[in-house]
Amino acid sequence: MDKTVPSLAEAVKAVPDGAVVMIGGFGGSGAPIELIHALIDRFRETGSPKNLTVVNNNAGNGRIGIAAMIDAGMVAKMVCSFPRSSDPRAFTEAYLEGRVALELVPQGTLAERIRAGGAGIPAFYTPTSYGTELAEGKPVAEFDGKPYVQERWLKADVALIKAHKGDTMGNLTYRLAARNFSPLMCMAAATTIVQVSELLEPGGIDPEQVITPGIFVDHVVQVTNPQQEEALIREGAVH
Amino acid sequence: MKLNNAQMAWRAAQDIQDGAYVNLGIGAPEMVARYSVEGRTVIYHTENGLLNFGEAPPAGQEDWDLINAGKRAVTLKPGASFFHHADSFAMVRGGHLDVAILGAYQIAQNGDLANWRVGSKGVPAVGGAMDLVHGAKQVCVITDHVTKDGQPKLVEACTFPLTGVGCVTRIYTSLAVVDIAGGRFILREKLAGMSLDELQSQTGATLHTEGDVADLSVPEL
């Protein structure tokens, strides 16, 4: 078994038009910049993939990453909890002009919906958002005397993930707080594509240290010395 | 005379017990960490997936993979741990946090909180606020007592969109410390130089008292 692919372009070549794409990261921490930019490059060359629904905690920052996807015109909808950033122009303009739709989800509900999607749980009840406008239209039920809101699972066609170490079987570790949504998204996508800084042979990661088991991973591509989104934004980078 | 953000944060910090697990909202609530009471160990949680983080590193030494929910660079204390987002919010909703401290636009006398948007214009953003108001054993607010225009923030019923229903239990304002119980504001402390009538005139719902009202005294900060 070898899940490695030789290039970023190869890794993202099968993402279809209209796909739901989960993208790991919280702000710049854990953002798979190289995979995102490979997807944008493919769109610029071929016009595909377009009409994407992107799931991420945020909605892009500056002129790179998800913001550059929006600028390129390949995003139809964002599913996120906090579509603001230090430089939110790309999403703000697209949203206010009606070019990109928004499904706003409380952060913990977003995480749990993704987890549920990966775990085969079609719906669950949470106290979060009860009595607020984000609960409108959702079923409410009482458990032990308290009201809870029903939320549905969230699944994706593709997940784009940045990990630290990965082996050829797809076992992964993450760096510091860059873990955030990524282990959940690996579980919830039909095809999970991961960029790793260090690519190892099976056994190269201590089994006790594996965070995402390879069963949740389909393709692994090595990107040594990956770019860090926040650092790029502070440099004023544009893709 | 009113307390500044640092003084409100200092006052809130005095109530955090040794060994508490605490989540601080972005902005003024974050300042609470600066005023941890000596001799008490407080473990701070940040929603993006980290327990027991410390202050920002010196400028130029940031590692942008090591950030808090406000996307500021932080450091690790001994005994820190990382976890994914679903575990992080399990800590929140599952009743494992002792205290959550948030900011507010309005707080109603029944504990309703409005702190995520003031109208229907612009780009809505909620983050983890709606999650944080459920599950922590104590949900507290740090806020100016009135808005910049002098309108009360402590009200009978919120007019801004709600973050949560009946969730706030204690409010640290620039003028007073107020508890919420039984659908009422209960005044615990007020600035020594201020009469109850003066304070009531800046409050949008009745302030009840139960026994003595203590002086709200804080150091110069």
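Values below: every heavy atom of this structure, side chains too, minus hydrogens, waters and symmetry copies. Residue numbers start from 1 in every chain, and the chains themselves are labelled A, B, ... in the order their sequence lines are given, proteins ahead of strands.
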Count the heavy-atom pairs under 4.5 Å between each of B:A129, B:G166, B:A69 and chain A, then report the option with the highest count.
B:A69
Which residue out of B:A80, B:A86, B:G49 racks up the most heavy-atom pairs below 4.5 Å with chain A?
B:A86
So for A:I211, is it side chain, backbone, both, or neither that comes closer than 4.5 Å to the heavy atoms of chain B?
neither
Quick one: what part of A:P106 sits under 4.5 Å from any heavy atom of chain B, side chain, backbone, both or neither?
both
Residue A:S86 versus chain B: region with a heavy atom under 4.5 Å:
neither
Is it the backbone or the side chain of B:H84 that comes under 4.5 Å from a heavy atom of chain A, or both, or neither?
both
Quiz question: by atom type and distance under 3.5 Å, do the side chains of B:T46 and B:N48 form a donor-acceptor pair?
yes
Do you know which of A:P183, A:P83, A:A178 has the most heavy-atom pairs with chain B at a distance under 4.5 angstrom?
A:P83
Can you name the one residue among A:Q195, A:E229, A:Q227 that meets side chain to side chain contact (heavy atoms under 4.5 Å, CB included) with A:K162?
A:Q195
A:R63, CZ: over 12 other non-hydrogen atoms inside 6.0 angstrom:
yes
At a heavy-atom separation under 4.5 Å, does B:S88 approach chain A through its side chain, its backbone, both, or neither?
neither
Salt bridge between A:E142 and A:K146, side-chain N to carboxylate O under 4.0 Å?
no
Is B:D63 close to chain A through its backbone or its side chain, or both, or neither, when contacts mean heavy atoms under 4.5 Å?
side chain
More than 12 heavy atoms of other residues, nucleotides or ligands under 6.0 Å from CZ of B:R40: is that the case?
yes
Given a strict heavy-atom distance threshold of 4.5 Å, which part of A:F91 is in contact with chain B: side chain, backbone, both, or neither?
side chain
Engaged part of A:Y95 at the chain B interface, taking heavy atoms whose separation is under 4.5 Å
side chain
Counting heavy-atom pairs under 4.5 Å to chain B, which of A:V105, A:N57, A:N58 comes out on top?
A:N58
Could you tell me which portion of B:V126 (side chain, backbone, both or neither) has an atom closer than 4.5 angstrom to a non-hydrogen atom of chain A?
both
Please evaluate residues A:Y148 and A:Y130 with respect to the criterion ring-ring contact (aromatic ring centres under 6.0 Å, His included), reporting the C-alpha separation (whole Å), side-chain torsions for both, the decisive distance (0.1 Å), and the verdict.
CA-CA 6 Å; A:Y148 295 83; A:Y130 172 75; 8.6 Å; no
Which one, B:F89, B:F53, B:W64, leads in non-hydrogen pairs under 4.5 Å with chain A?
B:W64
With no hydrogens and no angle check, is any side-chain donor or acceptor of B:T75 less than 3.5 Å from a backbone partner on B:E55?
yes
Most contacts with chain B, counted as non-hydrogen pairs under 4.5 angstrom, among A:G30, A:P88, A:A111:
A:A111
Are a donor atom and an acceptor atom from the side chains of B:H85 and A:N180 found within less than 3.5 Å of each other?
no
Which one wins on heavy-atom pair count under 4.5 Å against chain A: B:D87, B:D65, B:V165?
B:D65
Have A:Q107 and B:D131 got a donor and an acceptor in their side chains that come within less than 3.5 Å?
no
Residues A:Y174 and A:T212: side-chain donor-acceptor under 3.5 angstrom:
yes
